[in-house]
Amino acid sequence: MTKRFFAPGVLFLLLALSVPAFIFAQQNRSARRATATPERSTTTNPSSGKFGSAAPQIKSDLAEALSVIQANHIDGKKLDYNSIFKSSIISMLGVLDPHSTYFDPVDYASFRTEQRSEYFGIGATIEDLREGTDVNTFIRATFSDSPAARAGLRYGDRITAVDGQSMKGKTYPEVRKFLLGPRGTTVKVTVEHPGNHQSETVSIIRDAVSLPSIAQSYMLRPGVGYVAMTGGFNLTTADEFEQSLKQLHSKGMNMLVLDLRGNRGGLLIQAVRVANTFLQRGQMIVSQKGRFRDSSQAYAAVNDSPDNVAVVVLVNGDSASAAEIVAGALQDHDRALIVGETTFGKGLVQFPFQLDYDSALLLTIAKYFTPSGRLIQRDYSVGGYDYYNPGGLAADKNQPANPPNGPESHTDTGRAVYGGGGISPDENVKPGRITPAEAHLRDVIFAFSLELIAGRVTGFETYKVQRAIEFDHDLESADYPVTDPLFKELKKFAASKAIFKVTPDQLDRSRTFAERQLRYNVLSAAYGFRVATQVFNDADPQVGRAVDAMPRARELALAASRVRARG
């Protein structure tokens, strides 16, 4: 039976690229998780003792092994039992599949916070500036209406102390730990402003900081809107998307680039709502098949007036789970053209089973299938870290992703598509790369940017940024251009700062990158980093191909509607 996606009783399931907690700890990244009370399962209750004949021996061995460790290991008297038992549970779940995992109370609280699209802190992006062996951390951006923005912190402020403790020589991950904290607590941040080098200490009350799903939404060019849905599928995703489309339509949008690159998934219901935007009532979006009651569901569109803009969806190897549901549904119905690289390939559904003491098991309970019947889950029989390498997380980006090798299915117009390894794009396009030579220039460009926005570059005093950040600014080509004279000043600055080991010739050889990076820095100070990031899209080969592919996307959608009309 097909259920409407808002039907009561539907489980709020997780469709995100989850990784074992030990990988999560190393990478300091998280996927969005849902919380709910599960229905009663028909699976065996562990308390019944039906574990098999080997279980009593294993249980005895585990207790004995712990006793031997306590008595004989060199650090046996100071064991971290939380780490020991946590790693044991994670290893047990790792035998099942790569996405089932365990969260202790700290991990689980972090996931629940991020699922709400927020974290608690001051609401600022920070980054290092390295001048030889000297390391300092600066504010690179503040978010609209964040505690940091309300306190007057700006791009280029150097963080010298937090709660009276010096931050000199500390890297930005170290400084970040001092800035985060419980909601409602106060942190005292001492900064040195770039314009006058005056020191100021401000008291900031930590608060919830929004982490929206949509990082950018603007007009790429007349008629072509762009939405970067890169922040995962969380509780606010569909509402954010609806608002973005409304604003873009008011500006004349009739074509849309939906960017799902790097979107590692999240809540199933949000992916269904996003896909529903473009599909006609009755068109299947996704189905899932599991073992226990309510884990098998089918979700169809309920839209009598779908948005009819031409759509191109951008994906890459880090587009996973819920992002793949959207891409797969639109591809199977020929409603959008998919451009970029093969997606990660995660077709498993997780559900959080809450345990005592606010910990949780995140357990795989179902598989999901695209409208054409594709299971896009890629092979994880190799196990371990290797599973994350071929297409997505921690991948060698110079190696091609494994192509789908599953059975053939067909889209509404009869095009062949395949399961078994993610969503293959209709047009393969490699991303742009930053070379090591270009990356080497970032510090000197940042240092020069601090001088420029402080008004200390002779002849370019108009680039001084003193006013409050205009977060909703519509970027114009005339906003802070990098002219030939300004680039010449950058080269003079680099020549005078031998500590950065950057020559004018190196800047000339990477001029396009240097100009773009410099303009991004100044725009970040004036309009915030979300507006500033638009300058990178101008040279993004995948975004460029997406715009060029719009006529094909429109024809594909029209062909599909003709097939549907014929019944």
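Listed for the D412 side chain is no donor-acceptor partner under 3.5 Å among the backbone atoms of A560. For the pair S213 (side chain) and G232 (backbone), a donor-acceptor distance under 3.5 Å is present. Of the possible donor and acceptor atoms, none in the side chain of R335 sits under 3.5 Å from a partner among the backbone N and O of A329. Looking at H333, its side chain does come within 3.5 Å of a backbone N or O of M284 through a donor-acceptor pair. Side-chain atoms of R374 do not come within 3.5 Å of backbone N or O of V417 as any donor-acceptor pair. Here the side chain of E341 pairs no donor or acceptor atom with the backbone of G317 at under 3.5 angstrom. Side chain of T343 to backbone of I423: a donor-acceptor contact under 3.5 angstrom is found. For the pair E470 (side chain) and Y527 (backbone), a donor-acceptor distance under 3.5 Å is absent. Proximity of a side-chain donor or acceptor of N316 to a complementary backbone N or O of G340 within less than 3.5 Å is not detected. In terms of modelled atom types and a separation under 3.5 Å, the side chain of Y299 and the main chain of Q288 share no donor-acceptor contact.
Looking at L475 and L523, their side chains come closer than 4.5 Å, going by heavy atoms from C-beta outward. The closest side-chain heavy-atom distance from S372 to Y418 is not below 4.5 Å. Residues L518 and L486 have side chains in contact (heavy-atom distance under 4.5 Å, counting atoms from C-beta outward). The closest side-chain heavy-atom distance from V313 to V326 is not below 4.5 Å. Here the side chains of T533 and Y520 are in contact, with some heavy-atom distance below 4.5 Å. Between E127 and L129, the closest side-chain pair of non-hydrogen atoms is not below 4.5 Å. Two residues are said to be in side-chain contact when any heavy atoms from C-beta on lie closer than 4.5 Å; V274 and F233 meet this criterion. At least one side-chain heavy atom of I434 sits less than 4.5 Å from a side-chain heavy atom of R442.
With a 6.0 Å radius and a threshold of 12 heavy atoms from other residues, nucleotides or ligands, Y172 has its OH atom at or below the threshold. Summarising the local packing, CG of D304 is surrounded by more than 12 heavy atoms from other residues, nucleotides or ligands at distances under 6.0 Å. At most 12 non-hydrogen atoms from other residues, nucleotides or ligands lie less than 6.0 angstrom from CD of E242.
Rounded to the nearest 0.5 angstrom, E427 CD and I338 CD1 are separated by 11.0 Å. The CD1 atom of I376 sits 7.0 Å away from atom OG of S321, with the distance rounded to the nearest 0.5 Å. Note: I285 CD1 to N276 CG = 5.0 Å, rounded to the nearest 0.5 Å. Going from atom CD of E324 over to atom CD of Q331 covers 11.0 Å, rounded to the nearest 0.5 Å. Atoms OG1 and CZ, from T236 and F241 in turn, are 13.5 Å apart once rounded to the nearest 0.5 Å. To the nearest 0.5 angstrom, I126 atom CD1 is 13.0 Å from T142 atom OG1.
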Check your understanding: Does the side-chain contact (heavy atoms from CB on, under 4.5 Å) test come out yes or no for L363 and F351, once each step is laid out?
Key -> CA-CA 5 Å; L363 201 63; F351 186 84; 5.9 Å; no
Practice item. Show your working on side-chain hydrogen bond (donor to acceptor under 3.5 Å, both in side chains) between D505 and T503 and close with a plain yes or no. Key: CA-CA 5 Å; D505 285 343; T503 66; 5.2 Å; no
Practice item. Please assess Y226 against Q534 for the test side-chain contact (heavy atoms from CB on, under 4.5 Å), listing each intermediate value before the final yes or no. Key: CA-CA 10 Å; Y226 172 83; Q534 295 178 25; over 6 Å; no
**Study point:** Chi angles and distances behind the side-chain contact (heavy atoms from CB on, under 4.5 Å) call for Q517, E438
**Key:** CA-CA 10 Å; Q517 187 68 37; E438 291 170 341; over 6 Å; no
Exercise for review: Would you please test L258 and M229 for side-chain contact (heavy atoms from CB on, under 4.5 Å) and show each step?
Suggested key: CA-CA 7 Å; L258 176 57; M229 190 181 291; 4.1 Å; yes
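Salt-bridge check for R552 with D426: failed, with every basic side-chain N at 4.0 Å or more from each acidic carboxylate O. Here R273 pairs with D239 in a salt bridge; the nearest charged N to carboxylate O distance falls below 4.0 Å. A salt bridge links D484 with R511; the closest basic N to acidic carboxylate O contact falls under 4.0 Å. A salt bridge links D540 with R261: the distance from a Lys NZ or Arg NE/NH1/NH2 to an Asp or Glu carboxylate oxygen falls below 4.0 Å.
Test L452, I453, I445 against N521 for side chain to side chain contact (heavy atoms under 4.5 Å, CB included) and you get one pass: I445.
The minimum heavy-atom distance linking A310 with M550 is given by the pair O-SD, 4.0 Å. Listed here is the closest heavy atom pair of D307 and H249: OD2-NE2, 2.6 Å. In terms of heavy atoms, S319 sits closest to L260 at OG-O, 2.7 Å. The two atoms that bring Y480 and A526 nearest to each other are CE1-CB, 3.6 Å, heavy atoms only. Heavy atoms only, all atoms of each residue included: F143 and A124 are closest at CE1-N, 4.0 Å. Looking at every heavy atom in both residues, A546 comes nearest to L314 through CB-CD2, 3.9 Å.
For Y155 and F138, the gap between ring centers reaches or exceeds 6.0 Å.
Geometric assessment of R516 against the ring of F536 yields a negative cation-pi assignment under the 6.0 Å and 45° thresholds.
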